[in-house]
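Within every chain, numbering begins at 1; the chains are lettered A, B, ... in the order of the sequence lines, protein sequences first and strands thereafter. In what follows, every heavy atom counts, from backbone to side chain, and hydrogens, waters and symmetry copies are set aside.
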Amino acid sequence: MSDILAHNLTMQFDQFTAVGDVSFTVAQGEFVTLLGPSGCGKTTLLKMISGFLHPTAGRIHIGGVDVTRTPPEHRDTALCFQSYALFPHMTVRGNLEFGLRQKRVAGRDRVARVAQIAQQLSLEPQLDKLPNALSGGQQQRVALGRALSMQPSVILFDEPLSNLDAKLRDQVRLEIKRIQQDNDLTAVYVTHDQSEALALSDRVIVMRDGRIEQIATPENLYHAPATSFVADFIGNANVMPAEVIGEADGGGWLLDSRMGRLVSRDVNDPQAKHINIAWRPERAHVSPEGSLTGTVVSRAFQGHFTDLHVATGGQTYRLQVAASDAIVGGDITFALDPGDVLMLEPLR
Amino acid sequence: MSDILAHNLTMQFDQFTAVGDVSFTVAQGEFVTLLGPSGCGKTTLLKMISGFLHPTAGRIHIGGVDVTRTPPEHRDTALCFQSYALFPHMTVRGNLEFGLRQKRVAGRDRVARVAQIAQQLSLEPQLDKLPNALSGGQQQRVALGRALSMQPSVILFDEPLSNLDAKLRDQVRLEIKRIQQDNDLTAVYVTHDQSEALALSDRVIVMRDGRIEQIATPENLYHAPATSFVADFIGNANVMPAEVIGEADGGGWLLDSRMGRLVSRDVNDPQAKHINIAWRPERAHVSPEGSLTGTVVSRAFQGHFTDLHVATGGQTYRLQVAASDAIVGGDITFALDPGDVLMLEPLR
Amino acid sequence: MTARRWITVLLLLAPGLGLIVGMIGMVVYIAVAQSFGLYNLNGESVLTVAHWAEMLDRKLYTRAVRYSIYIGVWSAVLSVALAYPLAIWLRKPFRGSITVGAILKAPLLVQGLVAAFLFINVISFHGILNQFMQGIGLWDAPRRLQNDRGAFGVLFLQTWKNMPFALLLLTGAVQAIPDDVLDAARDMGAGTFARFRKIIAPLSLSAMQAALVIIFIGAVADFSFQVIAGPTNRQSLAQLMVFVRQTSWHEAAVVGVTLMVIALVGSLLLAVIARLLLRGPASR
Amino acid sequence: MTQARINSVLMGALLIICAVWLIIPFTMAILWSLVDPAQPWTPDNLLPPEMSTFRWTNMWENSALKPALLNSYTLAPTTAIVTLLLAMPTAYCLARVPFPGREAAKLLVLLPLVVPGFVTAIFFTAILFQLGLTQSRFLAILFAHCILFLPFAIRILTVSFEQVRQDHIDAARDLGASPVARFRAAYLPALRPGIFASLLIVFIQSIEEFAIAFVVGSPDFTTVPTLLFSRLGQDFIRPDAAVLSLILVVPNIILMLFLEAFLKSANPSLSSGKA
Amino acid sequence: ESPATDLSKMSWDDIVAQAQEEGEVSWYVWYFQDRFRPVVEAFEAEYGIEVTIPEGTGQGNADKMLAERGRDVGDIDVFAWGFNDFDTVDVTELFLPLDMLPEDEGRVGELLGVDGKGHVVAYWGNQTGIAYDPAHVDEADLPQTADEIAAFWAENPGKFGFNYEKGGSGPSFFQNMIRVTADLDMADGEVSDARLTAAEKGFALFQEQADDFVVTASNVDSITRLSDGELWMVPAWEDHLAGLQNNGEVRGDIKFYIPEFGMNGGGNGVAIPVNAPNPAAAAVLIHWLTSADVQTMFNQTFGTAPMHAEADDSAALVPNAQRANQTAWGAQPFRGELEKAFIEQVILER
Ligand SMILES: Nc1ncnc2c1ncn2[C@@H]1O[C@H](COP(=O)(O)OP(=O)(O)OP(=O)(O)O)[C@@H](O)[C@H]1O
Ligand SMILES: Nc1ncnc2c1ncn2[C@@H]1O[C@H](COP(=O)(O)OP(=O)(O)OP(=O)(O)O)[C@@H](O)[C@H]1O
Ligand SMILES: [Mg+2]
Ligand SMILES: [Mg+2]
């Protein structure tokens with residue numbers, strides 16, 4: 001058993017509260033992702049779980065045992081450091097072996113395990129190099145490999161793939177998931193990459209300024225963000241205030257916004273008369289029959305889609321459209337499905 | 001004038017060739033991105049341009065002057081380090097000011113410039129902290145700000161945004177582009193994020209194992225990759241060998257591949273009978289009338305699309321489809337437009 | 001290495017190593033020459049190995065060699081061994097750490113001779129240690145502790161005087177190890193000792209080598225502690241040197257050159273052994 | 001156990017050790033310095049049978065102590081600083097410029113430490129005399145002390161120079177820093193402990209050195225060790241020696257604290273970002 | 001221009017005149033500097049020449065003298081040293097011949113078997129003997145022969161201490177013990193296996209009772225431990241003991257005697273380095289120091305044995321009867337070999 005229970009965790013640096021009164025659980029074998037803006041306290045949280053930081057308040061249980069005061073070396077956790085923290089005097093092999101040696105894994109098994117990890121992370125040619133002769137991405141993979149090779153019951157990842165290219169990232173992501181599942185590890189994963197978060201996680205914890213904003217499955221998070229912060233953060237939704245005018249014909253709610261009249265057929269009912277609503281850039285479809293129009297202010301090619309900034313009603317919105325011949329300065333007409341207009345928290 | 005000319009640059013570490021015989025130019029005011037797998041030599045190349053590494057062979061000109069032997073402090077370049085390399089004993093403000101002080105920028109201007117950069121990078125609350133009290137993303141922004149504040153004629157970025165969340169990354173990316181354009185800086189940018197590369201760059205240099213694989217504008221790179229490596233690397237295309245059977249009715253070429261018969265209407269003609277072909281996952285459209293079928297082996301939710309791995313003809317391909325109800329184990333039928341089937345380099 | 005590079009190296013070495021070799025090289029030569037009968041202060045100089053033969057033949061000399069090495073090695077090892085935990089403790093500043101550091105370093109500031117006399121006073125036949133032990137009833141009669149045969153007194157004094165030096169060097173080195181790296185080791189399950197053995201020691205190896213070597217050289221050549229607190233049935237090399245100087249300059253020079261060789265070879269060996277034991281970073 | 005608990009336990013242990021380490025020796029020194037010449041203090045008495053400040057006043061008034069203090073306290077700091085400056089380039093080279101024979105050079109640096117004392121005292125000073133450096137006794141001793149104590153400074157600073165992180169240097173250069181600015185931004189923070197250590201060690205060595213300071217300095221230029229040694233030699237006046245060493249220790253401790261405060265101003269661990 | 005040649009050709013009056021012109025003289029003496037300073041005031045008053053007695057140690061002074069050999073003009077005018085120490089250097093090369101001094105038969109130019117060769121004269125005579133604690137050892141029961149010493153060891157184990165390496169009083173003790181036990185003629189400097197084998201009879205005395213005596217670290221250590229009550233008897237120098245008592249460093253009630261089996265006398269000499277800055281003044285000071293009057297005064301002030309035939313030696317610390325027990329140091333090289341053998345066979349085997 002190695003579920004994690006965090007109970008009212010708070011971490012203060014002098015006056016500054018990096019993590020404030022955070023509670024959550026991670027079940028045995030679950031893969032949970034921490035998502036949130038830079039500086040919101042993700043690393044701080046991981047460091048409390050692994051034991052480097054002593055929470056100012058609150059308790060942490062791992063596998064049912066209160067470990068709040070247990071030193072890191074006695075917690076069966078492994079952290080893949082955001083800063084890598086490789087041992088500069090050891091070769092890649094030495095780094096990868098380190099944890100296994102501490103666990104007194106027999107020589108043979110150790111060699112095999114290291115060989116396997118190196119192969120999974122494409123590190124074989126680097127095994128005998130010292131960290132300072134490695135590229136950034138190679139260092140990051142060593143840091144990741146060092147944690148993975150431990151196969152601890154709780155594994156914590158702090159942006160383990162940020163310096164890898166998309167292809168490698170995909171490959172490594174699969175390996176991470178495989179190792180986690182094969183060994184039934186409890187995993188907490190920090191990433192800035194939403195697609196990573198959505199693809200890997202059983203549940204996602206969205207943090208903001210040291211507090212938890214929402215905990216949900218990826219699908220729920222995407223389709224039913226609890227707040228405009230989440231909607232905006234996940235998938236870059238266009239958020240705006242709106243007034244609920246009443247129920248629409250054919251189901252859903254009629255809304256009045258700066259963009260004009262909209263219909264929402266959200267899964268949730270509105271919580272107040274004045275609320276925030278959101279819609280996602282990729283949900284707009286360009287069509288001459290659309291009820292919405294705007295002027296294209298900027299355009300950024302993104303491969304299989306194009307990012308547009310469109311001004312309408314004095315506001316700028318973001319649209320993601322498939323290959324488009326929209327030109328900057330020209331007008332564009334688009335539509336939103338009622339199902340894609342999300343109703344969020346009440347306005348304060 | 002501050003164009004960059006790299007002529008047959010080679011960098012060897014002992015026996016290992018990190019960069020081999022690389023030549024390219026970057027025009028004054030141009031924004032060029034280096035793209036390539038981890039360890040392919042991007043950082044090495046930047047370090048040669050900024051003067052920390054002396055090329056084993058080859059020459060570098062900046063603004064028409066041979067700077068191959070010019071020490072870094074006499075090159076008007078600024079590098080945003082992949083490892084941040086912040087001065088640990090200086091506050092964020094001290095770090096941001098450092099370059100300006102060296103340039104003897106007057107106190108007032110300096111304060112103004114730092115204030116502006118801090119604001120653009122959302123670093124204001126951190127200005128008086130020491131680097132080791134910063135989160136990873138905050139450190140990265142300081143590193144970036146330190147380089148940006150210099151406004152040198154050549155600015156080099158080594159993965160400056162890898163530790164930022166998507167929203168912040170978008171914001172900072174715009175700032176980078178704005179500063180670069182406003183000051184007409186020549187920029188070389190290393191990133192692992194293709195969308196970043198495609199969105200920001202005038203041209204992209206794709207590297208592989210220390211050599212240049214292709215130099216092209218983002219659009220060209222995407223639509224007309226020169227090799228299967230590029231096609232695969234940019235946009236994760238499905239690459240496979242094929243035999244050119246002949247011209248198809250209605251234009252294009254008829255191809256025989258493991259997936260069956262395909263038609264390609266690529267801009268280029270095939271270069272040999274046996275070639276590699278590629279198609280992009282997001283170009284497949286699921287439709288009952290599709291000529292291609294496969295079994296879904298895995299499925300990863302990615303927000304506004306879903307990643308599928310589909311097995312057909314003993315091979316697995318990747319498909320990106322809009323919200324889909326495909327289930328793992330079930331069959332899926334899809335089609336490819338002839339314009340989306342790319343013909344690449346001859347098979348060796 | 002290009003010629004240019006060599007010139008840079010030589011220019012950099014000039015004010016330090018250059019001065020040393022230029023000035024001391026001559027002195028070393030004189031010492032060696034004197035041990036072979038040259039630079040006679042008392043009559044004619046004759047090149048001869050007789051003085052070496054004479055000294056190598058004496059039990060006094062061979063004993064002194066062994067004894068000095070014993071003192072040198074143990075002083076260096078003990079000082080460093082004691083300094084390490086303290087340096088690690090003082091790695092992170094805390095309330096009072098400056099004071100603690102200053103207290104620990106204070107012995108550096110006490111003249112060695114004075115320290116030795118004070119020490120002798122404490123352990124002398126009627127000194128406070130004897131009085132204390134008798135007072136608490138552990139000993140019935142005073143014991144003769146001074147000039148003990150195992151040279152523990154000398155080792156104590158050496159450690160007392162040198163531990164602060166080792167501490168001074170090691171604190172800096174240990175502080176330079178990033179927190180993250182130590183945290184990573186803990187995270188991988190490395191306990192205190194493993195962390196020391198595998199991370200701290202290798203990463204501060206070069207400071208440790210410097211401390212070992214400098215303390216070793218000082219202790220091998222110890223004179224003042226030895227004459228005051230050392231065992232009386234053997235002499236240290238420095239003591240022997242002064243002793244035979246009363247009769248022959250050349251024999252004193254033989255002892256002196258022996259001392260030099262032992263100091264240099266010994267420090268080389270110590271440094272190499274430390275590195276092998278800890279497999280530190282290959283030179284950068 | 002928390003760090004705080006560990007600290008307090010260790011502090012307690014330290015207090016006890018301190019008693020052995022410092023309090024006993026220093027108390028003894030103070031008591032010895034108070035021994036009145038009328039009655040010797042034999043260790044079977046817990047306290048000196050008769051105490052007075054006679055030794056202090058006598059030493060202060062009837063010896064060359066005042067000029068000796070002045071001489072020692074100009075000589076030692078000057079030696080410390082000059083040695084530091086001379087050592088820097090070599091230490092830099094040994095730490096950061098790979099060249100064949102570097103290990104041998106590191107060993108050669110130790111030469112002044114291994115040369116037997118009497119050889120230094122007779123022959124090294126003879127060379128100084130021959131070089132005609134004795135026009136100014138101060139400068140001659142300064143020069144000799146610098147050479148003798150260079151090994152300390154070089155070896156200590158070599159260690160520090162090794163700890164300077166290359167990417168900090170690179171960053172400073174990249175931002176256009178002049179050599180001075182580069183030194184201050186990238187090197188100095190890592191060098192601080194080393195500079196402190198070598199200043200302190202060389203200062204102490206210089207202030208304690210007797211042989212050369214005596215041979216070159218006598219009779220015009222007296223330093224404190226000359227007074228001390230002549231009282232610990234044949235005449236063996238322990239109370240006077242205690243007075244002298246206490247007179248030396250107190251300013252030294254103040255100096256050490258000052259240096260420490262001056263050089264250690266906030267010592268953030270030298271890491272951030274990715275190693 | 002060498003001052004040496006100058007002086008030897010000058011009349012004594014001219015030398016004195018030149019000395020007064022020089023006006024100052026530095027006397028490097030390695031002990032009792034504080035007590036010599038008031039003593040030389042008489043000289044200063046008489047000649048108007050200022051005397052500097054620098055602080056220093058024996059070895060420091062010697063090192064300085066040797067280091068300055070190469071200088072044209074050094075710092076030392078008058079150099080004092082143990083008379084036997086002068087034997088380790090070539091006195092004719094380092095020091096001026098003292099032939100400029102007025103003829104004086106009473107001066108001592110040879111002492112302890114060492115010949116000053118006309119370059120060194122003695123100015124200080126002293127004596128080794130045994131210091132004892134009257135609280136424990138009765139004056140009447142003082143051991144006087146080697147056997148009595150051995151008996152004392154046996155009766156009072158751990159109460160007798162001596163040093164073997166530094167400062168001569170210990171060596172004087174064991175050499176004389178061996179001399180009388182093995183019946184050696186120490187005046188004969190010849191080294192032979194037979195003589196060394198004979199000496200082993202003396203070593204046996206020490207070997208058999210090795211646990212009964214203590215080996216101390218130095219003269220000072222011996223006397224201090226005597227004063228502390230740890231030891232009851234230790235060999236010592238007469239003047240050294242007096243000096244320590246005078247300084248309040250050791251107990252004033254400690255007593256001193258010269259046993260009947262005999263112990264060695266000793267002495268210090270003075271010489272003028274060839275590069276003395278004030279050679280004339282130096283000569284005048286030496287003349288003064290070695291004069292009968294001053295030697296008488298030293299005998300009265302310090303209790304030393306006068307180093308002038310005509311001086312009055314009535315003020316010694318030990319009764320004159322005991323002075324008769326003084327013996328001469330053994331001749332070299334046998335003495336050195338004896339010491340070596342003693343160290344190897346006795347000291348190192350403890
Ligand atoms: N000092 C060195 N000694 C030996 N090999 C080195 C050294 N520095 C870099 N390399 C090797 O050179 C190759 C290129 O490194 P570089 O840092 O340029 O890669 P990169 O393209 O920046 O990769 P990343 O995206 O992972 O940062 C890597 O394989 C690396 O292992
Ligand atoms: N030692 C410290 N002293 C003061 N403030 C600190 C300290 N460590 C972290 N902080 C602050 O706490 C906040 C949270 O930091 P943390 O490293 O947990 O962020 P993060 O969520 O990991 O961000 P990132 O995604 O940028 O890595 C930040 O605002 C940071 O500035
Ligand atoms: Mg973080
Ligand atoms: Mg890189």
Side-chain angles (χ1 to χ4, degrees), chain D residues 35-45 48 50 54-55 58 62-65 68 117-130 132 134 137 210-241, chain E residues 24 26-35 37 52-77 82 166-167 218-221 223-230 237 239-240 243-254 275 277:
Chain D
V35 172
D36 191 87
Q39 268 265 258
W41 180 25
T42 51
D44 47 340
N45 297 315
E50 205 175 324
F54 171 81
R55 306 281 183 176
N58 183 47
N62 299 330
S63 75
L65 182 60
F118 82 86
V119 179
T120 320
I122 298 175
F123 295 101
F124 182 43
T125 48
I127 292 176
L128 294 179
F129 285 133
Q130 264 160 29
T134 42
R137 295 187 195 267
F210 164 72
I212 289 192
F214 174 74
V215 170
V216 176
S218 171
D220 305 341
F221 190 89
T222 314
T223 57
V224 181
T226 303
L227 300 181
L228 185 67
F229 272 72
S230 81
R231 272 151 193 86
L232 286 178
Q234 158 88 5
D235 293 2
F236 194 70
I237 314 170
R238 264 182 297 189
D240 286 357
Chain E
E24 57 177 15
S26 65
W27 181 24
Y28 277 73
V29 58
W30 51 281
Y31 60 97
F32 285 0
Q33 292 99 332
D34 284 348
R35 301 177 71 196
R37 287 193 190 111
T52 310
I53 300 179
E55 302 280 345
T57 64
Q59 183 154 339
N61 287 354
D63 288 347
K64 181 170 176 68
M65 186 267 295
L66 290 168
E68 287 192 339
R69 278 174 309 153
R71 290 177 82 185
D72 288 337
V73 179
D75 294 317
I76 305 174
D77 291 317
K166 268 183 70 185
S218 61
N219 283 336
V220 165
D221 190 42
I223 301 178
T224 310
R225 287 162 79 174
L226 178 72
S227 168
D228 291 350
E230 175 190 349
W237 286 97
D239 60 336
H240 186 211
L244 292 174
Q245 286 177 320
N246 184 55
N247 272 317
E249 178 64 31
V250 298
R251 275 161 39 201
D253 60 341
I254 289 172
N275 57 2

Next item on the list: Under the salt bridge (Lys or Arg N to Asp or Glu O under 4.0 Å) rule, collect the residues that match up with E:D72, sequence neighbours excluded.
Entry: none

Margin query: For E:R37, which atoms come within 4.5 Å of any heavy atom of chain D: side chain, backbone, both, or neither?
Written below: neither

Check: Roughly how far apart are E:Q33 CD and D:S230 OG, rounded to 0.5 Å?
Finding: 5.0 Å

Item checked: Spacing of E:D75 atom CG and D:F129 atom CZ [to the nearest 0.5 Å] -> 6.0 Å

Next item on the list: Heavy atoms only, distances under 4.5 angstrom: which of D:S218, D:P225, D:P219 has the most pairs with chain E? Name it, please.
Entry: D:S218

So which atom in [X] and which in [Y] form the shortest heavy-atom distance, rounded to 0.1 Å?
X      : Y      : answer
E:A67  : D:I122 : CB-O, 3.3 Å
E:E249 : D:P239 : OE1-CD, 3.2 Å
E:T224 : D:R238 : CG2-NH2, 3.0 Å

Check: Given side chains that start at C-beta, do those of D:R231 and E:D34 come closer than 4.5 Å, heavy atoms only?
Finding: yes

Checklist line | Residue pair E:T57 / D:F214, side-chain heavy-atom distance below 4.5 Å | finding: no

Next item on the list: Look at E:M65, E:Q59, E:R71, E:E68 and state which one has the largest set of heavy-atom pairs under 4.5 Å with chain D.
Entry: E:R71

Check: Between E:G56, E:P54, E:G74, which has the largest tally of heavy atom pairs under 4.5 Å with chain D?
Finding: E:G56

Toward chain E, the part of [X] with a non-hydrogen atom under 4.5 Å:
X      : answer
D:F124 : neither
D:A121 : both
D:F123 : side chain

